[in-house]
Amino acid sequence: MRITVFGNNATCPEADGACASYLVEAAGKKLLLDMGSGSIAKIRQELDLARLDLIVISHLHFDHFGDLFCAKYHLETRKAYGEKFPPIPLLIPKLPQWAKAELSGNDVFEIHPISDGDAFELENVHLEFVEMVHLIESYGIRITAEGKTLAYSGDTGICEGLRTVAAGADAFLCEATFCGENRAEEKHHLSAGTAAKIAADAGIQQLFLTHYHSDQSENVLEEAQCFFADAKLTHIGQTFLINSDNSQQHAGLHENQQGIML
């Protein structure tokens, strides 16, 4: 399993930057986690969007799903010019009517609404969704394949769901929006120190920090490494391999999970 970072900026794209977007490659599948503002240009430098096996959106803030509309326009244009490829499964929170109407057309996406406790199977890749605490409906995601589990925080404040997502995972891709004494966003985002404490308490082997402001990157990393010595910052264009040093079995999180085979 490996992750390639196509966007990691907090809130809005920085100059030549991009917001949240991560390609997960596992068990022969390509999964895109989030598609925030500015990310499509980075993605298209490395990847044909039509070859994606799955797109997963954690929540409906534009720094996490804004470029999904650009992807739809790009793919439907190719279809209009005669290319043939199947619709891409899209796991996404319930859409408002205007967004559903925009994204449903021209057989580009196969939309599957997600909710807390949902589980999905994409052949040998297993996904689980846990609701987080944020300004809107937002989900943390666990992806298990090849004997490894990657946990993704999405956007969240401190909550029990965050600990549930991280528990027993091999790697944690976690937001670190602020650091130091700045606590203005702590009810709906995480500090670098909190992200690191959660990872350490969960027994995580690899911690990748994302959704941070680049001008604070040194402070973000320094604060995180006080609690998780091997914490790493993500950088756009970087690829991480997921190690599997945890010996425990990665059991399902919810006894009442709703399973859907894609």
Side-chain angles (χ1 to χ4, degrees), residues 1-14 17-24 32-34 36-39 42 58-59 61 63-64 130 132-134 138-143 148-159 161-163 165-167 169-243 245-246:
M1 182 186 289
R2 66 180 187 174
I3 313 168
T4 300
V5 180
F6 290 127
N8 66 349
N9 298 163
T11 310
C12 67
E14 299 173 7
C19 292
S21 192
Y22 318 93
L23 178 68
V24 178
L32 192 67
L33 291 180
D34 283 340
S37 306
S39 64
K42 307 296 184 184
S58 64
H59 67 290
H61 277 157
D63 61 329
H64 288 258
V130 180
M132 301 288 105
V133 171
H134 194 48
S138 186
Y139 293 94
I141 302 159
R142 288 171 64 93
I143 300 174
K148 306 175 183 69
T149 295
L150 168 67
Y152 174 44
S153 67
D155 279 4
T156 184
I158 301 171
C159 61
L162 181 64
R163 296 181 176 89
V165 163
D170 297 290
F172 193 20
L173 178 63
C174 189
E175 70 137 292
T177 304
F178 63 93
C179 59
E181 298 302 315
N182 181 359
R183 301 291 171 186
E185 297 182 286
E186 66 180 345
K187 291 184 179 180
H188 51 273
H189 282 298
L190 300 177
S191 70
T194 298
K197 289 176 189 176
I198 294 287
D201 290 347
I204 299 292
Q205 300 298 315
Q206 296 171 279
L207 173 61
F208 306 121
L209 301 170
T210 191
H211 202 277
Y212 61 88
H213 300 282
S214 292
D215 60 358
Q216 299 176 11
S217 60
E218 291 185 7
N219 293 333
V220 165
L221 185 60
E222 181 179 358
E223 181 174 303
Q225 288 182 337
C226 289
F227 305 97
F228 196 103
D230 198 33
K232 292 181 172 60
L233 295 174
T234 58
H235 298 283
I236 294 173
Q238 189 174 25
T239 296
F240 296 98
L241 295 178
I242 306 304
N243 300 321
D245 296 325
N246 290 353

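What you see is a predicted model; the values in this text were computed from it and never measured.
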Worksheet item: About how many Å separate OH of Y152 and CD1 of I141, when rounded to the nearest 0.5 Å?
Response: 6.5 Å
Fill in: E175 (side chain) donor-acceptor with L190 (main chain) under 3.5 angstrom
yes
Worksheet entry | Chi angles and distances behind the side-chain contact (heavy atoms from CB on, under 4.5 Å) call for Y212, N219 | CA-CA 10 Å; Y212 61 88; N219 293 333; over 6 Å; no
Discussion item. How close do T177 and A10 get, counting heavy atoms only, and between which atoms?
Written reply: CG2-CB, 4.5 Å
Response to the item:
In terms of heavy-atom contacts, L209 and A224 come closest through CD1-CB, 3.5 Å
Item to complete: For residues A18 and I236, report the shortest heavy-atom separation together with the two atoms involved.
Response: N-CD1, 3.6 Å
Discussion item. Tell me whether the count of non-hydrogen atoms from other residues, nucleotides or ligands lying under 6.0 Å of CD in Q238 goes above 12.
Written reply: yes
Worksheet item: So L162 and S153, side-chain contact (heavy atoms from CB on, under 4.5 Å) or not? Walk me through it.
Response: CA-CA 7 Å; L162 181 64; S153 67; 4.0 Å; yes
Worksheet, complete the sentence: When every non-hydrogen atom of A176 is compared with those of V220, the smallest separation belongs to CB-CG1, 4.0 Å
Worksheet, complete the sentence: Here the gap from T210 atom OG1 to K232 atom NZ, rounded to the nearest 0.5 Å, amounts to 15.0 Å
Discussion item. Test your reading of the model: is there a side-chain donor-acceptor pair from D63 to the backbone of C19, 3.5 Å cut-off?
Written reply: no
Worksheet entry | Side-chain touch I3/L33, heavy atoms, less than 4.5 angstrom | no
Worksheet entry | Check: Y22/T234 side-chain N/O donor and acceptor closer than 3.5 Å | no
Worksheet item: Any side-chain heavy atom of D170 sitting closer than 4.5 Å to one from M1?
Response: no
Discussion item. Walk me through whether R2 and L241 qualify under side-chain contact (heavy atoms from CB on, under 4.5 Å).
Written reply: CA-CA 4 Å; R2 66 180 187 174; L241 295 178; 3.6 Å; yes
Item to complete: Give the C-alpha distance, both sets of side-chain angles, the deciding distance and a yes or no for side-chain contact (heavy atoms from CB on, under 4.5 Å) between F6 and L32.
Response: CA-CA 10 Å; F6 290 127; L32 192 67; 4.2 Å; yes
Worksheet item: Is H211 close to D155 at the side-chain level, that is, under 4.5 Å between some pair of heavy atoms?
Response: yes
Discussion item. Assess, by modelled atom type and distance only, whether the side chains of D34 and S58 contain a donor and an acceptor separated by less than 3.5 Å.
Written reply: yes
Worksheet item: Are any non-hydrogen side-chain atoms of K148 and N243 less than 4.5 angstrom apart?
Response: no
Item to complete: Please report the shortest heavy-atom distance between C159 and T156, naming the atom on each side.
Response: SG-OG1, 3.6 Å
Worksheet item: Would you say Q225's side chain and A231's backbone share a donor-acceptor pair under 3.5 angstrom?
Response: yes
Practice prompt. Report the distance from atom CG of N8 to atom CG of L233, rounding to the nearest 0.5 Å.
Written response: 8.5 Å
Item to complete: Please report the closest heavy-atom contact between I198 and A166, naming both atoms and the distance.
Response: CG2-CB, 4.1 Å
Fill in: Non-hydrogen side-chain atoms of D230 and Q206 separated by less than 4.5 Å
no
Response to the item:
Taken in chain and number order and not counting sequence neighbours, the residues that satisfy ring-ring contact (aromatic ring centres under 6.0 Å, His included) with F227 are none
Worksheet item: Would you say I204 and F228 make side-chain contact, with heavy atoms under 4.5 Å?
Response: yes
Worksheet item: Mind checking what makes ring-ring contact (aromatic ring centres under 6.0 Å, His included) contact with F172, not counting sequence neighbours?
Response: none
Worksheet item: Is the backbone N or O of A151 less than 3.5 Å from a side-chain atom of R142, with the two atoms forming a donor-acceptor pair by type?
Response: no
Worksheet item: Heavy atoms, side chains only, cut-off 4.5 Å: are S21 and K42 in contact?
Response: no
Practice prompt. Examine distances only and state if a side-chain atom of E223 and a backbone atom of S191 form a donor-acceptor pair shorter than 3.5 Å.
Written response: no
Worksheet item: Are the side chain of Q216 and the backbone N or O of H213 linked by a donor-acceptor pair below 3.5 Å?
Response: no
Worksheet item: Is any side-chain heavy atom of C174 closer than 4.5 Å to a side-chain heavy atom of L207?
Response: yes
